[in-house]
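When a ligand or atom number is given, it counts from 1 through the structure's own listing order.
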Amino acid sequence: MVWMAERLRFSQFPDGQNARTKLFGLGSAGCNMVEPASYPKVAISTSSADLDRSGAERRILLGQDRLVGAYHTDRSVLKQMPSIVGHEVMDLFNNTDLAFLMCGLGGISGSLGTKVFSTLAQSKGTLEIVLAATPFSAESTRRREFARRILDELLETSTICVEFGNDQLSTLAPNVPLSKAFSLMNSIMLRPVMELCATASKLDIDPLGRVIGDSSYGRFGLGMARGDERVERVVNEALSSPWFDYDLTETEAGIVIYSSSDPWDKEMESILNSLDSHLPGCRMISGSYSDPALGDRIRLSLVLCRSL
Ligand SMILES: Nc1nc2c(ncn2[C@@H]2O[C@H](COP(=O)(O)OP(=O)(O)OP(=O)(O)O)[C@@H](O)[C@H]2O)c(=O)[nH]1
Ligand SMILES: [Mg+2]
């Protein structure tokens with residue numbers, strides 16, 4: 001018998017109140033990543049060139065010394081004295097239930113900025129989800145090692161950190177030039193953001209945090225399918241994501257979002273049952289929403305989490 005772990009559903013906006021979300025783009029890559037999104041967004045960098053290019057409604061230029069100082073400040077001190085970074089920075093989290101912090105790890109602004117801002121978000125009671133691209137193998141060893149070190153730190157401090165290895169992009173889009181590959185990656189990284197913005201209400205923030213628990217390391221997969229066996233096919237396609245390159249039975253928690261032009265409870269149920277057989281014992285929180293642009297296709301987004 002398969003042991004069925006906890007399953008929760010997003011509350012479908014019972015009181016019409018979706019969660020107040022905000023995107024934070026940190027560093028050059030992060031500023032690029034949030035650019036196409038049509039949600040409230042903030043661009044943060046030590047480089048004014050990044051901010052000049054950005055259409056974000058708030059743009060914060062951080063001096064490198066101030067950022068390095070905040071990064072080296074003990075986490076508990078930073079939490080108790082957020083004024084170290086300045087009130088204008090702390091105010092960014094006002095009226096925000098869910099913050100998405102997006103960056104490429106390996107440089108200074110995005111790596112240190114994400115670490116500092118995830119601590120600040122927590123000190124303001126905002127649930128934060130980090131979406132981080134990690135460097136190509138072809139980038140310098142120093143850069144890759146630094147990215148790895150910050151990723152390890154983020155796993156300790158953030159609610160969840162979803163890693164998108166740039167290397168795996170070549171599986172999805174072989175032989176495309178780097179600038180195209182980056183923009184493809186950036187649109188994939190926005191997908192879980194869009195899904196959560198479409199489904200999470202204020203009431204879902206605590207259950208979402210509970211389901212994630214200590215399983216702070218996330219990976220992402222996306223499936224699309226149409227036709228008779230679309231449930232099995234959408235599950236298989238999502239699970240064959242190049243970022244699910246580990247033993248999936250290690251998965252401890254999953255955020256599961258299904259969309260179709262006319263979402264159907266029974267179809268959601270079949271997807272969850274199929275996932276149960278691939279991910280035994282996985283805690284799940286699931287939601288669905290209508291996306292008329294899908295026509296006769298269905299889409300499945302999976303963030304699968306474990307502790308490392
Ligand atoms: N997915 C994606 N990754 C990118 C992009 N630009 C850079 N990267 C990756 O992100 C890593 C960090 O690069 P940047 O964002 O330029 O670094 P930064 O945070 O601005 O750091 P400093 O310039 O040193 O302050 C790089 O090593 C690349 O692997 C992008 O547009 N999309
Ligand atoms: Mg930069």
Side-chain angles (χ1 to χ4, degrees), residues 23-37 41-56 59-72 85 89 100-120 128-154 158 161-194 218-222 241-243 245 303:
L23 269 67
F24 292 77
L26 298 120
S28 310
C31 290
N32 292 342
M33 288 167 187
V34 301
E35 191 57 26
K41 59 192 179 203
V42 185
I44 299 164
S45 185
T46 58
S47 151
S48 51
D50 293 341
L51 305 181
D52 290 345
R53 276 201 313 274
S54 166
R59 284 168 283 183
I60 306 284
L61 183 65
L62 284 180
Q64 194 155 309
D65 291 350
R66 193 167 159 217
L67 179 59
V68 172
Y71 169 75
H72 285 294
V85 291
V89 168
F100 296 98
L101 309 183
M102 304 189 74
C103 67
L105 294 177
I108 298 293
S109 302
S111 306
L112 304 193
T114 302
K115 177 82 186 302
V116 169
F117 276 75
S118 87
T119 304
L120 297 178
E128 25 70 71
I129 295 185
V130 175
L131 302 143
T134 46
F136 288 103
S137 311
E139 296 184 68
S140 73
T141 311
R142 210 176 116 256
R143 191 168 262 264
R144 283 187 290 124
E145 283 175 358
F146 183 56
R148 183 55 42 195
R149 199 181 96 203
I150 298 287
L151 182 70
D152 286 344
E153 292 181 13
L154 284 169
S158 66
C161 179
V162 186
E163 180 187 9
F164 294 78
N166 272 333
D167 268 346
Q168 279 89 339
L169 251 190
S170 50
T171 334
L172 289 176
N175 309 321
V176 300
L178 194 59
S179 62
K180 271 234 170 75
F182 275 155
S183 67
L184 173 68
M185 176 73 137
N186 299 351
S187 62
I188 296 173
M189 291 176 72
L190 277 178
R191 182 42 63 196
V193 175
M194 293 160 72
R219 294 284 188 92
F220 178 69
L222 179 70
S241 158
W243 292 294
D245 56 356
V303 176

Practice item. Using a strict 4.0 Å cut-off to heavy atoms of Ala133, name the atoms of ligand 1 that fall inside it. Key: 1 (N)

Check your understanding: Going by the order shown, which atoms of ligand 1 are within less than 4.0 Å of some heavy atom of Met185?
Key -> 1 (N)

Point to revise | N or O pair under 3.5 Å between Thr134 and ligand 1 | key: no

Exercise for review: With heavy atoms only and a cut-off of under 4.0 Å, state how Ile108 meets ligand 1: side chain, backbone, both or neither.
Suggested key: both

Check your understanding: For Pro135, does its backbone N or O pair with a side-chain atom of Arg143 as donor and acceptor, under 3.5 Å?
Key -> no

Point to revise | 4.0 Å heavy-atom contact, Gln64 with ligand 1 | key: no

Study note, to complete from the structure: Taking only non-hydrogen atoms of Thr46 and a 4.0 Å limit, the atoms of ligand 1 in range are 25 (O)

Practice item. Flag Ser28 as yes if one of its N/O/S atoms falls below 2.8 Å of the Mg ion (ligand 2), otherwise no. Key: yes

Check your understanding: Are Leu105 and ligand 1 in contact, using a heavy-atom cut-off of under 4.0 Å?
Key -> yes

Point to revise | Numbered atoms of ligand 1 (with element) below 4.0 Å of Pro135, judged on heavy atoms | key: 29 (O)

**Study point:** Gly107 neighbourhood, listing ligand 1 atoms whose heavy-atom distance to it stays under 4.0 Å
**Key:** 12 (C), 17 (O), 21 (O), 24 (O)

Study note, to complete from the structure: Quick note on ligand 1: atoms under 4.0 Å from a heavy atom of Glu139 include exactly 26 (C), 27 (O), 28 (C), 29 (O)

Exercise for review: Kindly determine whether Arg149 and Glu153 satisfy salt bridge (charged side-chain N to carboxylate O under 4.0 Å, His left out), including the steps that lead there.
Suggested key: CA-CA 6 Å; Arg149 199 181 96 203; Glu153 292 181 13; 3.7 Å; yes

Review point. Hey, which atoms in ligand 1 end up nearer than 4.0 Å to a heavy atom of Gly27?
Key: 19 (O), 20 (O)

